[in-house]
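These values consider heavy atoms only, across backbone and side chains, with no hydrogens, waters or symmetry-generated copies.
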Amino acid sequence: MSDTTPPNDQLSGVTPHITIRGGSKDESMAEKAIAFYQQAFGAEPLYRDHEQGGKRLMYAHLKILGGGLMLNDEFPEFMGGETMAAPSGATLHLQVPDADAAWQRALDAGAEVRFPIDNQFWGARYGQLTDPFGFIWSIGGPVKE
């Protein structure tokens with residue numbers, strides 16, 4: 001992991017960038033999210049940039065299953081005192097060779113079931129989880145016989 005140069009050369013196509021709500025000027029919820037994503041999804045932190053003299057993350061870049069995820073803590077003081085609304089309308093999808101193993105790993109890390117994993121009519125094993133930070137993740141893989 002580099003702390004000097006963001007890995008922008010690793011960005012291609014669409015890369016989700018999420019803001020982690022909560023925390024305070026002395027506590028980074030984004031750091032807690034990174035720890036969860038490492039445990040639940042095997043995330044590899046590539047870069048972190050903390051606010052000057054602070055603990056909150058202004059920017060972090062993770063690699064999950066070969067794809068990028070950018071995230072940061074919220075900074076209501078730069079948004080007129082407003083905090084972020086609850087996440088909605090987006091799902092972060094992971095396509096894996098063993099959906100049940102990935103599913104269990106996420107549950108063991110603290111995710112909650114939103115849509116139970118099962119063989120679906122479209123020919124995939126698929127389910128949805130909500131992470132401790134309110135984001136929806138779907139996990140898909142080959143149908144289980």
Side-chain angles (χ1 to χ4, degrees), residues 1-3 5-25 27-51 55-145:
M1 175 176 63
S2 168
D3 281 327
T5 306
N8 292 331
D9 61 331
Q10 296 181 24
L11 296 176
S12 63
V14 175
T15 302
H17 188 150
I18 59 176
T19 297
I20 308 298
R21 299 181 321 251
S24 67
K25 289 184 179 184
E27 177 186 41
S28 172
M29 292 303 288
E31 287 287 0
K32 291 180 181 185
I34 290 171
F36 172 81
Y37 298 145
Q38 285 178 288
Q39 185 180 358
F41 307 128
E44 175 188 350
L46 299 176
Y47 179 81
R48 286 179 169 102
D49 187 11
H50 291 88
E51 67 176 315
K55 296 183 180 181
R56 292 179 296 171
L57 276 172
M58 292 190 66
Y59 171 78
H61 187 144
L62 309 178
K63 187 175 183 180
I64 302 175
L65 299 174
L69 174 66
M70 300 184 297
L71 60 99
N72 59 273
D73 279 299
E74 71 175 345
F75 287 82
E77 65 271 26
F78 298 125
M79 302 295 182
E82 297 291 322
T83 58
M84 296 294 296
S88 64
T91 301
L92 302 164
H93 180 75
L94 299 176
Q95 189 68 24
V96 296
D98 184 345
D100 290 282
W103 182 266
Q104 191 59 53
R105 181 177 179 174
L107 289 176
D108 290 346
E112 294 184 8
V113 175
R114 181 172 191 267
F115 179 93
I117 193 166
D118 203 350
N119 292 337
Q120 303 300 329
F121 69 89
W122 60 83
R125 186 126 180 106
Y126 177 90
Q128 291 184 357
L129 302 160
T130 303
D131 73 23
F133 309 94
F135 291 96
I136 298 167
W137 292 78
S138 61
I139 295 177
V143 170
K144 185 175 182 179
E145 301 297 327

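A109 pairs by the side chain to side chain contact (heavy atoms under 4.5 Å, CB included) definition with F36, Q39, A40, not counting sequence neighbours. Qualifying salt bridge (charged side-chain N to carboxylate O under 4.0 Å, His left out) partners for E112, counting only residues two or more places apart in sequence or in other chains: none. Applying the salt bridge (charged side-chain N to carboxylate O under 4.0 Å, His left out) criterion to D98, with sequence neighbours excluded, gives no partner residue. Not counting sequence neighbours, the partners of D100 by the side chain to side chain donor-acceptor pair (under 3.5 Å) test are R125. Legend: residues meeting salt bridge (charged side-chain N to carboxylate O under 4.0 Å, His left out) with E27, ordered by chain and number and at least two apart, are K32.
Aromatic ring orientation, F41 versus Y37: parallel (interplanar angle below 30°, classes split at 30° and 60°).
E51 has a carboxylate O that lies under 4.0 Å from a charged side-chain N of R56, or vice versa, which qualifies the two as a salt bridge.
Distance CE/M70 to OH/Y47: 12.5 Å, rounded to 0.5 Å. Put simply, CG on D49 and CG on N72 are 10.5 Å apart, with the number rounded to the nearest 0.5 Å. Taken from OG in S28 to CE in M58, the straight-line distance is 12.0 Å, to the nearest 0.5 Å. A distance of 9.5 Å separates OG in S24 from CE in M29, rounded to the nearest 0.5 Å. The distance from the CG atom of L71 to the CD1 atom of I18 is 5.5 Å, given to the nearest 0.5 Å.
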Distance-only check: which donor-acceptor pairs under 3.5 Å involve side-chain atoms of residues 132-145, not counting sequence neighbours?
| from | atom 1 | to | atom 2 | distance (Å) |
| --- | --- | --- | --- | --- |
| W137 | NE1 | D131 | OD2 | 2.9 |
| S138 | OG | H93 | ND1 | 2.5 |

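Side-chain contact between Q95 and L65: absent, with no pair of heavy atoms (C-beta onward) separated by less than 4.5 Å.
Using a distance-only test at 3.5 Å, with no hydrogens or angles considered, a donor-acceptor pair links the side chain of Q120 to the main chain of Y126.
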